[in-house]
Number of protein chains: 2
Amino acid sequence: MSTIKDVAKIAEVSIATVSRVVNNGPKVGEKTRNKVLKVMADIGYKPNANARALVTQKNTTIGVVIPDLTDPFFASLANGVEKIARQNNMQLLLSTGQVSADSERRAINLLLERQCDAFVVHSKKLADEELISLAQQAPGLILIDRFIEAIQHRCVWLDNFEGGGIAARHLLSLQHTQLACVTSHYSIDDPSLRLQGFSAELARQDKQMVPELIVDAEPNQQGGELATQKLLSKHIPFSAVFVYNDAMAIGVISALEDNGFRVPQDVSVIGFDDVLLSRYSRPKLTTLHYPIEEMAEKAAQLALANCEQVSIHQSSETFKYLPRLVKRESTSALSL
Amino acid sequence: MSTIKDVAKIAEVSIATVSRVVNNGPKVGEKTRNKVLKVMADIGYKPNANARALVTQKNTTIGVVIPDLTDPFFASLANGVEKIARQNNMQLLLSTGQVSADSERRAINLLLERQCDAFVVHSKKLADEELISLAQQAPGLILIDRFIEAIQHRCVWLDNFEGGGIAARHLLSLQHTQLACVTSHYSIDDPSLRLQGFSAELARQDKQMVPELIVDAEPNQQGGELATQKLLSKHIPFSAVFVYNDAMAIGVISALEDNGFRVPQDVSVIGFDDVLLSRYSRPKLTTLHYPIEEMAEKAAQLALANCEQVSIHQSSETFKYLPRLVKRESTSALSL
DNA sequence: TTGAAAGCGATACCAT
DNA sequence: ATGGTATCGCTTTCAA
């Protein structure tokens, strides 16, 4: 691969001049510029981004750490960041953190070594303290889908509690009173917050759940099916189910139908996340839209802004997002 | 951010020594090593990857160019490459090429500037000649999902023609004779190859299609629904449909059911790709598995290998993959 | 308008 | 075992 020296030699100018034309520098003679431009094109010169980054101390990449790309939810997150990257003529440097604290830490470190000054991290495994200290040393680090009070201005997160409340209000407004919940036994935070919000809203309206009608399973379709079996085996009637996420909800619906219940005529089902799946299912899923792409864009912009200003101007802004109810076909009013 | 000099100064050794311990260099005294290690930990030293790349002339990133991350198919592709990257302690540098030739070209160039020596490219818009010349100057460039004879040892691709054949054999073996096809009017290559393979297999078995029963639409769920309307409006009976991809197939099924046809009892439907969706649909989709993740891994390994050996050892290997029939619930034998 | 030269942070070769 | 130093490709003063 040819370097700036090659160009300089062939064009019979100094490397300084070449550098100027590469960067559209201010004072370059018209003829010199054209001569250099021609040589560059001829030999297919491409500036070395590493060398450039080394001297300018700034990187043209923005990093992302997510558990896994195959999950459409995280793919959307990455996509949001990528969009901002592209708008700023930057590229995405991606590390999957998998499920362990170790690999999350490793991924972040790699990004740091790359001098990647802006990056958004989705971490579920790292402890608060570690994240806080990381955030301190890396001003461009933004946490997504996680709220840590000590660094709240660096967090872009969804109000899961309120999400549960919205779901409850929707079901209640449809006259349902016999409510069931299917939750996840993984990653404690989100599921329990959603559940708490749900219960809190019921309480506010002087209703409450039958504890037996709260079951958990793995957060995927099969888990949803299993959970439904458990629910059904209790022989306690229910007319609506609030499910942890859409994948599970699809499982719940198919198990329900396999057992002779029609959705939504006999049982209403509401999911969470609004992933692609929910639009493709039959019946189409009523769910809570998780604006992950929008949040990711915000996080990326924040990360970028935070590196710009060396000042620790710590905007007092806070970045809480609310899920939005998307009424589709899997919920309907209780028919008596 | 602290540099190697800082460490050297504090530890009272030369930067050469620090460099040795960073790289687990061979000859370093035990005490010196520990002293340096301690200082590094204390001040949180992280080697600058850019400087490193500059001098070693090798990059620790592997690039990917895809149209879009939100499409699960491309997400899987990226995931396959990422897996190989991780195995080699590298990271993913990702550029979305969007739909235009310009942005595909731009994405590739950015990767090149980053000295990214290994990368896998999914390009549908760039012309053969351009890709060929690119491949010539970048030995680590591997094309995925595209076959160009002149650089066939740099291509990892799926035999779409044969895929059509497999679909036809499956439907024929189930006694179907009234066949319909729903294809895509986008990106000419894949759809038409699949269709040609389908027809060729029919011909081989002395069958043929009614030309009216071939319709096209956009390659998504809605397109599938629209296409089905068109099909139905012809008032020509058919008992099986070969659909361009899974998303369309889901649309076909729901339109069919909306019009009173049961799947698979009245009409069998077979998709293509085997994306997540196909396992979540009801009935579960019979489809052709596109081993994209496996292909992506292969492509990444190839890219890596090609940069290693400076020799143009041009293995005469070729990398054609075959789709695999996945029988699920949307196809069944014709019942008379 | 152009060139010379000093670094950016690391590696690696040559001494010692 | 350790240190000195040239070098990687580029940007950026400072002179001319």
Side-chain angles (χ1 to χ4, degrees), chain A residues 1-37 39-40 43-61 89 109-117 307 310, chain B residues 1-37 39-40 43-61 89 109-117 307 310:
Chain A
M1 178 133 283
S2 53
T3 78
I4 200 173
K5 283 186 188 168
D6 301 323
V7 179
K9 194 171 300 170
I10 302 181
E12 299 175 294
V13 295
S14 74
I15 63 168
T17 300
V18 178
S19 176
R20 285 187 191 104
V21 352
V22 170
N23 299 289
N24 285 310
K27 296 151 176 302
V28 196
E30 195 59 27
K31 324 165 201 174
T32 340
R33 149 164 279 120
N34 289 135
K35 184 167 50 171
V36 172
L37 248 19
V39 174
M40 296 200 318
I43 67 176
Y45 167 74
K46 298 206 192 323
N48 182 322
N50 291 319
R52 232 169 176 168
L54 183 56
V55 45
T56 59
Q57 305 281 37
K58 57 184 54 186
N59 218 33
T60 50
T61 65
N89 268 303
N109 265 324
L110 283 173
L111 253 25
L112 250 18
E113 292 183 7
R114 278 244 161 42
Q115 315 301 107
C116 197
D117 17 47
C307 324
V310 188
Chain B
M1 178 134 282
S2 52
T3 78
I4 200 173
K5 282 186 189 169
D6 302 323
V7 179
K9 194 171 301 171
I10 303 179
E12 300 176 293
V13 294
S14 73
I15 63 168
T17 300
V18 178
S19 177
R20 284 184 193 106
V21 351
V22 170
N23 299 289
N24 285 310
K27 296 151 176 304
V28 194
E30 194 59 27
K31 324 165 201 172
T32 340
R33 149 164 279 119
N34 289 133
K35 184 168 50 171
V36 173
L37 248 19
V39 174
M40 296 201 316
I43 66 175
Y45 166 74
K46 299 207 192 322
N48 182 322
N50 290 318
R52 233 171 176 165
L54 182 56
V55 45
T56 59
Q57 304 282 34
K58 55 185 55 187
N59 219 14
T60 52
T61 64
N89 269 303
N109 266 325
L110 283 173
L111 253 25
L112 250 18
E113 292 183 8
R114 280 246 160 42
Q115 313 302 105
C116 197
D117 18 47
C307 324
V310 188

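Residue numbers begin at 1 in each chain, while the letters A, B, ... track the order of the sequences.
Listed for the A:Thr56 side chain is a donor-acceptor partner under 3.5 Å among the backbone atoms of A:Arg52.
Distance, B:Asn24 CG to D:dA1 P: 15 Å, rounded to whole Å.
Of all nucleotides in DNA chain C having an atom under 4.0 Å from a heavy atom of chain B, the first and last in 5' to 3' order are C:dC8 to C:dC13.
Between the axis at the start and the axis at the end of the helix from C:dT1-D:dA16 to C:dT16-D:dA1 there is an angle of 40°, using five pairs per end and rounding to 10 degrees.
Rounded to the nearest 0.5 angstrom, A:Thr3 OG1 and A:Ile15 CD1 are separated by 8.5 Å.
Put simply, the side chain of B:Asn24 reaches to within 4.5 Å of the side chain of B:Arg33, judged on heavy atoms. Taking the side chain as every heavy atom from C-beta outward, B:Lys35 and B:Thr17 never approach each other to under 4.5 Å. Residues B:Met40 and B:Val22 form a side-chain contact, since some pair of their non-hydrogen atoms from C-beta on lies under 4.5 Å apart. Residues A:Arg114 and B:Thr61 have side chains in contact (heavy-atom distance under 4.5 Å, counting atoms from C-beta outward). At least one side-chain heavy atom of A:Val18 sits less than 4.5 Å from a side-chain heavy atom of A:Val13.
In terms of heavy-atom proximity, B:Gly44 sits nearest to B:Ser2 at O-OG, 3.9 Å.
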Return the polar atom pairs (N/O with N/O) between nucleotides 8-11 of chain D and the protein under 3.5 Å, or none.
residue	atom	partner	partner atom	Å
D:dC8	O3'	B:Gln57	NE2	3.3
D:dG9	N2	A:Ala51	O	3.4
D:dC10	OP1	A:Tyr45	OH	2.6
D:dC10	OP1	A:Asn48	N	2.9
D:dC10	OP2	A:Ile4	N	2.3
D:dT11	OP1	A:Asn23	OD1	3.2
D:dT11	OP1	A:Asn23	ND2	3.2
D:dT11	OP1	A:Arg52	NE	2.8
D:dT11	OP2	A:Ser19	OG	2.8
D:dT11	OP2	A:Asn23	ND2	3.4

Q.
Apply side-chain contact (heavy atoms from CB on, under 4.5 Å) to residues A:Leu37 and A:Val21 and explain how you reach the verdict.
A. CA-CA 8 Å; A:Leu37 248 19; A:Val21 352; 3.6 Å; yes
